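Source: prediction; values computed, not measured. Below, read A as the first sequence line, B as the second, and so on, with proteins coming before strands; counting in each chain starts at 1.
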Protein chains: 2
Amino acid sequence: MADARGAEESPVDGRPNLPVTSWAVLGLLSFGRELSGYDLKKWADRSMGFFFWSPSFSQIYGELKRLETAGLAVSRIVDQGTGSRSKRIYAITEAGSVALRGWAREAPVEPMVLKHGPMLRLWLGHLQEPAQMRGVLAQHREYAEEMRRRAEVDIKAARDHQEWVYPAVALKWAERYYQAERDLAEGMLEDLEQVWRERGEDA
Amino acid sequence: MADARGAEESPVDGRPNLPVTSWAVLGLLSFGRELSGYDLKKWADRSMGFFFWSPSFSQIYGELKRLETAGLAVSRIVDQGTGSRSKRIYAITEAGSVALRGWAREAPVEPMVLKHGPMLRLWLGHLQEPAQMRGVLAQHREYAEEMRRRAEVDIKAARDHQEWVYPAVALKWAERYYQAERDLAEGMLEDLEQVWRERGEDA
DNA sequence: ACTAACATGTAAAGCGTTACATGATTTA
DNA sequence: TAAATCATGTAACGCTTTACATGTTAGT
């Protein structure tokens with residue numbers, strides 16, 4: 001049977017009861033541009049994705065369908081001149097804006113969720129060799145530095161658009177976050193080296 | 001039909017193909033103590049939970065069953081004297097140790113996943129009032145400080161146990177992580193105040 | 001002509017949570 | 001004796017991903 005995950009009215013405030021991801025996708029549309037699922041995904045990766053895990057293509061398409069069913073978004077098909085493929089683009093509706101604003105102002109803020117793969121490995125250090133753990137930390141350091149660099153670049157792209165002040169501030173936060181993440185990796189490496197020195201392992 | 005999510009052998013390395021959460025639960029058992037599902041959950045919250053979202057009670061029970069089916073853990077029922085209820089406690093097996101060590105050393109490290117509810121709200125600042133955003137940041141700051149404090153306390157509990165060196169180092173990392181998170185919230189608040197000053201809003 | 005990337009979806013599977021059920025033990 | 005907490009689970013639900021299907025466009 002098909003999924004009947006609807007968008008029933010919340011009994012309290014009349015706002016549809018949707019998962020965060022739906023609101024996040026609607027949030028992407030709230031900046032006023034008409035976008036296709038594909039473009040939405042790419043944009044999500046370069047903006048929201050720095051601090052909020054960005055959904056897969058297939059989920060984006062599904063969420064868009066759900067938003068349209070709920071009347072929070074509308075789609076239309078555009079034929080982009082000759083020799084280019086037609087695509088379906090979505091826009092937020094007035095009802096969508098109202099609902100999203102209501103959600104942003106009134107819904108309880110979701111707690112922060114962290115699933116830190118590298119830390120999980122290092123926490124199980126008693127099962128590994130120092131060399132492997134150094135490798136995990138080095139790789140994570142590179143990842144953090146790469147993310148920091150990307151955020152730095154994207155901040156510049158957000159300048160000159162006054163409708164993107166808040167995304168720009170969020171990107172600034174992300175730049176600092178990944179810088180901290182990089183520094184934390186270095187700090188942990190030092191702590192580990194000290195542990196190994198004290199134990200006389202791996203001199 | 002019941003879930004048939006098994007623990008089939010991986011065709012490559014002979015190690016059962018399990019989701020990270022299973023390995024994480026087995027990892028909790030790898031420190032050598034025999035624990036019940038209930039105790040496991042509580043311990044997960046105070047250790048792994050600082051950097052790796054800790055599963056619900058019901059999932060822990062499910063994972064334990066799966067681990068036992070796969071031969072990576074064994075359980076036995078203990079009657080704890082008169083006047084106390086019997087409980088089922090789990091221990092890692094030799095096969096479990098071997099499999100977990102293999103996973104820790106050879107499986108690709110899962111990327112870090114972040115779902116930062118507060119940042120998602122602030123990114124949608126154009127839908128809110130400054131007062132609400134200040135509230136979100138203040139609340140997050142408190143959350144981060146509380147987590148930092150908990151990590152600080154638990155580090156002391158991990159001292160004097162040389163089998164917990166790596167968990168202790170991970171807790172030290174967590175303490176710094178939540179301190180950074182707190183500082184980042186403060187930094188963002190300053191950035192936002194400046195934006196509002198420049199706009200002449202909310203003077 | 002062939003390949004890689006673009007673009008839009010559907011279907012199936014599984015991860016993980018919430019809600020519920022049950023009963024014992026402790027505290028007020 | 002009532003309520004809260006401990007303790008162990010089951011069932012249903014739904015979020016999310018992976019795999020698949022399909023066709024287009026651009027580069028070599």
> Partners of B:Ser58 by side chain to side chain donor-acceptor pair (under 3.5 Å), sequence neighbours excluded?
Replying inline: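 Scan of B:Ser58 (side chain to side chain donor-acceptor pair (under 3.5 Å), adjacent residues dropped) gives B:Ser56.
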
> For B:Gln139, which residues count as a side chain to side chain donor-acceptor pair (under 3.5 Å) partner, sequence neighbours excluded?
Replying inline: none

> Got a sec, which residues hit side chain to side chain contact (heavy atoms under 4.5 Å, CB included) with A:Ser97, two or more places apart in sequence or on another chain?
Replying inline: A:Ile92

>> The criterion is side chain to side chain contact (heavy atoms under 4.5 Å, CB included); which residues satisfy it with B:Asp39, sequence neighbours excluded?
In response: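 B:Asp39 satisfies side chain to side chain contact (heavy atoms under 4.5 Å, CB included) with B:Leu35, B:Ser36, B:Lys42, B:Lys87 only.
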
>> Listing request: all salt bridge (charged side-chain N to carboxylate O under 4.0 Å, His left out) pairs with a residue in residues 18-27 of chain B, at least two apart in sequence or in separate chains.
In response: none

>> Suppose the criterion is salt bridge (charged side-chain N to carboxylate O under 4.0 Å, His left out): which pairs have a residue in residues 43-60 of chain A, not counting sequence neighbours?
In response: A:Lys41-A:Asp45, A:Arg46-A:Asp154

Indicate whether OP1 or OP2 belonging to [N] is found under 4.0 Å from a side-chain N or O atom of [X].
| X | N | answer |
| --- | --- | --- |
| B:Arg66 | C:dC15 | yes |
| B:Lys115 | D:dT16 | yes |
| B:Tyr61 | D:dG9 | no |

> Considering only C:dG9, D:dT17, C:dG16, which nucleotide approaches the side chain of A:Lys65 most closely?
Replying inline: C:dG9

For atom [atom1] of [X] and atom [atom2] of [N], their distance in whole Å:
| X | N | atom1 | atom2 | value |
| --- | --- | --- | --- | --- |
| B:Tyr90 | D:dT8 | OH | C1' | 9 Å |
| B:Glu110 | D:dT17 | CD | P | 14 Å |
| B:Asn17 | C:dC15 | CG | P | 9 Å |
| B:Ile89 | D:dG9 | CD1 | P | 13 Å |
| B:Leu64 | D:dT8 | CG | C1' | 11 Å |
| A:Lys87 | C:dG9 | NZ | P | 12 Å |
| A:Ile60 | D:dT16 | CD1 | P | 11 Å |
| A:Phe57 | D:dT17 | CZ | C1' | 14 Å |

> Side chains of B:His116 and B:Glu181: donor-acceptor distance under 3.5 Å anywhere?
Replying inline: yes

> What do the steps show when you test A:Gln194 against A:Glu190 for side-chain hydrogen bond (donor to acceptor under 3.5 Å, both in side chains), and what is the final call?
Replying inline: CA-CA 6 Å; A:Gln194 192 183 343; A:Glu190 283 167 30; over 6 Å; no

>> What residues from residues 34-56 of chain A pass a heavy-atom cutoff of under 4.0 Å to DNA chain D?
In response: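 Per residue number, the list reads A:Trp53, A:Pro55, A:Ser56.
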
> Roughly how bent is the helix from C:dA1-D:dT28 to C:dA28-D:dT1 end to end, in steps of 10 degrees, with each end axis from five pairs?
Replying inline: 30°

> Any N or O donor-acceptor pair linking the side chain of B:Ser58 to the base of C:dT18 at under 3.5 Å?
Replying inline: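 Pair found.
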
Let me have the donor-acceptor pairs involving side chains of residues 99-113 of chain B, under 3.5 Å, with sequence neighbours excluded, atom names and distances please.
| unit_1 | atom_1 | unit_2 | atom_2 | d |
| --- | --- | --- | --- | --- |
| B:Arg105 | NE | A:Leu127 | O | 2.8 |
| B:Arg105 | NH2 | A:Leu127 | O | 3.2 |
| B:Glu106 | OE1 | B:Arg15 | NH2 | 3.0 |

